[in-house]
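First comes the structure, then the notes that go with it.
Order of the sequence lines fixes the chain letters, A, B, ..., with proteins taken first and strands second; residue numbering starts at 1 for each chain. Atom set for the values below is all heavy atoms of this structure, side chains included, hydrogens, waters and symmetry mates excluded.
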Number of protein chains: 2
Amino acid sequence: MKNNTNKRIGIKDIAARAGVSIGTVDRVLHNRGEVKEATRNKVLEIVQELDYTPNIFAKSLSSKHTTKLAIVIPDSSDNNPYWEKPVSGIKLAAEELTHYNTEILYEHFDASDRNAFKNVLHKVCDQNPDGIVLNPVFKDISLEFIQEFDKRAIPYVFIDINLREVNNLAYYGQDAEQSGWVAARLMEASTPKFPNLLIVKQSKWKVFSSHIERRIEGFTRYFTEQQKVINTTTIEIDLNASNEPYESLNKVFDQNISYHGIFVPNSRGFKLANFLKTKGLNNIITIGYDLIDSNIDFLQQGYLTYLISQKPELQAYKAIWALFDHLVTKKPIRKTNYSAIDIIIKENIKYYLENK
Amino acid sequence: MKNNTNKRIGIKDIAARAGVSIGTVDRVLHNRGEVKEATRNKVLEIVQELDYTPNIFAKSLSSKHTTKLAIVIPDSSDNNPYWEKPVSGIKLAAEELTHYNTEILYEHFDASDRNAFKNVLHKVCDQNPDGIVLNPVFKDISLEFIQEFDKRAIPYVFIDINLREVNNLAYYGQDAEQSGWVAARLMEASTPKFPNLLIVKQSKWKVFSSHIERRIEGFTRYFTEQQKVINTTTIEIDLNASNEPYESLNKVFDQNISYHGIFVPNSRGFKLANFLKTKGLNNIITIGYDLIDSNIDFLQQGYLTYLISQKPELQAYKAIWALFDHLVTKKPIRKTNYSAIDIIIKENIKYYLENK
DNA sequence: CTGTTAGCGCCTTCAT
DNA sequence: ATGAAGGCGCTAACAG
């Protein structure tokens, strides 16, 4: 039984102890205005001694200052529904944070549009926010602006893509290679020895490509490191073209190889699934990524066997909170934060969705 | 650019809109004192319309009242490390909530001790808490006290075990049968057709038994409903006896059946794994429950293939917050809340643990 | 039944 | 360089 009867000590107490007014205490606490060196030291001493910590509720209640957090992540205007997810995480965090006198600046842009990206960053700089969540889709442009952030001492948190050798406060994202391992492990468990495997890549997919490549690396490296022999075919398809993926897949399936498993390392598994459905092929193990609606649909129909999910909502949500904690409550923040790699099947998807 | 400049509306705003004073608004909000039915309705209407939510910081700043929440769940003193998990969720919630003027009353007891359970509930009643999180391990005793709770209008939330036909605010727990389905599905995917399967039950396990039974039901029903033929052997072992599970398992494995998979529907998978390790059997698919340390250890060593986890920390954490939200912020609470059924393998456990 | 008022701990402006 | 006072949104005691 815990009884928390320790009254918190406040600036009033330390003012009394120091024989000054609370106004003076406030000034030394915030380096605001001039205070005689002697009294200043005395106050600080007492602060130390009494282990004073501000009451952030009283603080945010009274403070006129609202901290501004800017979010720079793509939206789904490039026809990739994946991007809806982080946005919903942002909205949740924004809602919660209105209580704390903090406001979220969110500007969406097409993930494949260099200029849009640059423009957004310019706007963000103009707003002069207190902190920034950034998905650095274009590395060169990002680095440019990061210099500016550093100069202004604005903390920034990366989402999804981690840029090395810069001074970011934190990173929230996935370990793409490891998720490839997970996929491989599931594939191995569900297919016979020496399986024929197909990997369906997307061409013309510039933005996120490093992730996709690393998922594939992880996938194939799993088998080689376990010294399992597999027979892999990799095809590249323009998944945005209207005649695809049917044309390419038809070609592959006409070659009379019977595939045991198919790995789609991006969020477009549903396109493959749709193809399999029209062909009546429902005994192939298929593994895709991300819980977008059409994937969920085909998972439930049985044309996708596994989905791997990284809770992108949570990434955005956590990134924003990290900034808040850093700026307002001064909590220490862990720098590298990899998302969980969740395994979703028909049987557990329902409660997974209910618990996000 | 979304500018969240919507000032939160407060009791002052709704007072103005209703043409009354903030005092009156406060009274209807808290059912304190008498208010004319007409004005009462008007205020409530405006509250609805403006979607008012109280500023809990201002609230906890001004309020003298500290809300007391009592938690009645077992600890691990009955030698079941599972119970450590919810306790850690409680601690987290308690820590967060101290800020909000609420105090957590936690009294542990042995899950197998009827008298201990009763005593704790008596103590809880004496404390006269504002809300109660209850794991109703013993149904009859629980129902007895629930009558008292209802009489005093103290809201109570169930964890782990759901008692029907009582007026609980919410339930947080697992869908045991569905998790059995998940296990079955994984087992099916990883074993040949017509597999020999072994189910290792624990005897003398009174408290939690309905869950365990329902996991097994789900497991076997999956196969029958899919019309898959399996050959199942079920053994019951006193997993707390020192000569077990070795004696019983030895007997089973001496019978010259080669098992493809073993299902352990409780948290003691590690005991089986340890047996398999000493026997050098590492090609059997094994599925266990719960991320207790020894299970994690054997998962990483490869003697447990899958672990199914229900994030018991989160259940406790959410249950406490549900009470808080109900009592303090008046948020509506969903009554039935099933945990996610997480599939854990060697390859994804690391980030899973990092993200709890 | 309803309005007024004094805080809660802190920030901020205005005097001194 | 320092103190005094008003206010943030809400609770609770006190007057009508």
List the steps, then state whether salt bridge (charged side-chain N to carboxylate O under 4.0 Å, His left out) holds for B:Glu148 with B:Arg152.
CA-CA 6 Å; B:Glu148 182 64 23; B:Arg152 299 199 205 170; 2.8 Å; yes

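- Regarding B:Leu61, its CG atom lies at a distance of 15 Å from the P atom of C:dG7, rounded to whole Å.
- Going from atom NZ of B:Lys36 over to atom C1' of C:dT2 covers 10 Å, rounded to whole Å.
- Here the shortest heavy-atom pairing between A:Val124 and A:Pro129 reads O-CD, 3.2 Å.
- Atoms CZ (A:Arg27) and P (C:dC10) sit 16 Å apart, rounded to a whole Å.
- Within 3.5 Å, no donor on the side chain of A:Ser62 pairs with an acceptor on the base of C:dC11, nor the reverse.
- A centroid separation of less than 6.0 Å is found between the aromatic rings of A:Phe57 and B:Tyr100.
- The distance from atom CZ of B:Phe57 to atom C1' of D:dC10 is 13 Å, rounded to the nearest whole Å.
- Relative orientation of the B:Trp321 and B:Phe324 rings is perpendicular, given thresholds of 30° and 60° on the angle between their planes.
- Look at A:Tyr52 and you won't find any side-chain N or O under 4.0 angstrom from OP1 or OP2 of C:dG9.
- Put simply, CG on A:Asn55 is 12 Å from P on C:dC8, counting in whole angstrom units.
- For D:dT11, one of the phosphate oxygens OP1 or OP2 lies less than 4.0 angstrom from a side-chain nitrogen or oxygen of B:His30.
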Please lay out, stage by stage, how A:Leu323 and A:Thr67 fare under the test side-chain contact (heavy atoms from CB on, under 4.5 Å).
CA-CA 10 Å; A:Leu323 275 176; A:Thr67 88; over 6 Å; no

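- The stretch residues 37-50 of chain B touches DNA chain C through B:Thr39, each having a heavy atom under 4.0 angstrom from the strand.
- When heavy atoms are screened at a 4.0 angstrom cut-off, B:Ile56 is found touching no nucleic acid atom at all.
- OP1 and OP2 of D:dT11 both lie 4.0 Å or more from every side-chain N or O belonging to B:Arg32.
- The two residues A:Tyr82 and A:Pro312 make their nearest non-hydrogen contact at OH-CB, 3.6 Å.
- Regarding B:Ile22, its CD1 atom lies at a distance of 13 Å from the C1' atom of D:dG7, rounded to whole Å.
- Side-chain N/O atoms of B:Lys59 include one lying less than 4.0 angstrom from OP1 or OP2 on D:dT11.
- With rounding to whole Å, A:Asn101 atom CG is found 9 Å from D:dC8 atom C1'.
- At a threshold of 4.0 angstrom between heavy atoms, the contacts of B:Gly23 include nucleobase atoms, whether or not backbone atoms are also involved.
- Checking C:dC1, D:dC10, C:dC10 against every side-chain atom of B:Glu34, the shortest atom distance belongs to C:dC1.
- Ranking C:dG9, D:dG3, D:dG9 by closeness to the A:Val20 side chain, first place goes to D:dG3.
- Taking side-chain N and O atoms only, B:Ser63 has no distance below 4.0 Å to OP1 or OP2 of D:dT11.
- Proximity of a side-chain donor or acceptor of A:Tyr171 to a complementary backbone N or O of A:Asp160 within less than 3.5 Å is detected.
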side-chain hydrogen bond (donor to acceptor under 3.5 Å, both in side chains) for B:Glu313 and B:Ser88? Distances and angles first, verdict last.
CA-CA 6 Å; B:Glu313 310 84 337; B:Ser88 82; 5.0 Å; no

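- Closest contact between the side chain of A:Thr24 and the listed nucleotides D:dT2, D:dA12, C:dT2 involves D:dT2.
- Remark: C1' of D:dG7 and CG of A:Asp26 are 14 Å apart, rounded to the nearest angstrom.
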